[in-house]
Amino acid sequence: MTRTARTQSAAAARRPLAKPQEIAEYCGVPLATVYQWSSRGGGPKLIKVGRHLRARWSDVEQWLDTQTIAA
């Protein structure tokens, strides 16, 4: 694979970081819950970008997988 092809495939696989509102909507929880996760711990790994909170979608998915319970 050429360098250009690798760069293009890496860029295609990269998604924009998730905003707190998007995480709340995706998980079906109030926005305040996402901010509580940030301040108290819990929830998906959040990243501070400047003064903004963001998350990698892969971290959100991984955290959701750990929340699975046996029914």
Side-chain angles (χ1 to χ4, degrees):
M1 183 180 281
T2 66
R3 181 178 171 173
T4 303
R6 278 192 303 251
T7 304
Q8 288 174 344
S9 65
R14 199 173 305 143
R15 295 164 56 181
L17 296 173
K19 299 175 184 173
Q21 181 64 41
E22 294 172 322
I23 298 167
E25 290 172 7
Y26 186 73
C27 294
V29 298
L31 179 59
T33 300
V34 177
Y35 287 116
Q36 285 178 354
W37 290 339
S38 171
S39 64
R40 297 182 186 169
K45 293 178 188 175
L46 296 174
I47 304 164
K48 198 162 187 184
V49 180
R51 61 182 211 174
H52 304 284
L53 290 176
R54 298 292 184 261
R56 291 181 186 93
W57 282 107
S58 59
D59 288 339
V60 174
E61 294 289 341
Q62 185 177 25
W63 176 76
L64 285 172
D65 287 343
T66 67
Q67 302 305 302
T68 304
I69 59 171

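Below, all heavy atoms of this structure are taken into account, side chains as well, without hydrogens, waters or symmetry copies. The chain is numbered in sequence order, starting from 1.
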Asker: Is the number of heavy atoms from other residues, nucleotides or ligands within 6.0 Å of CD (Glu61) greater than 12?
Answerer: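 Above 12, so yes.
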Asker: Work out which heavy atom in Thr68 is nearest to a heavy atom in Asp65; give both atom names and the distance.
Answerer: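 Of all heavy-atom pairs spanning Thr68 and Asp65, the closest is OG1-O, 3.1 Å.
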Asker: Do Leu53 and Val29 share a hydrophobic cluster, counting only Ile, Leu, Val, Met, Phe, Trp and Tyr and linking them when any side-chain heavy atoms are less than 4.5 Å apart?
Answerer: yes
Asker: Please list all pairs passing the side chain to side chain donor-acceptor pair (under 3.5 Å) test where one or both residues lie in residues 34-49, with sequence neighbours left out.
Answerer: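 Residue pairs passing side chain to side chain donor-acceptor pair (under 3.5 Å), neighbours aside: none found.
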Asker: Measure across Pro44 and Val60 and return the closest heavy-atom pair with its distance rounded to 0.1 Å.
Answerer: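 For Pro44 and Val60, the tightest heavy-atom pair comes out as CB-CA, 3.8 Å.
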Asker: Sequence neighbours left out, what passes side chain to side chain donor-acceptor pair (under 3.5 Å) with Glu22? Give chain and number order.
Answerer: none
Asker: More than 12 heavy atoms of other residues, nucleotides or ligands under 6.0 Å from CZ of Arg54: is that the case?
Answerer: yes
Asker: What's the separation between atom CD1 in Ile23 and atom CG in Leu46, rounded to the nearest 0.5 Å?
Answerer: 5.5 Å
Asker: Locate the shortest heavy-atom distance separating Leu64 from Cys27; write the atom from each residue and the value.
Answerer: CD2-SG, 4.2 Å
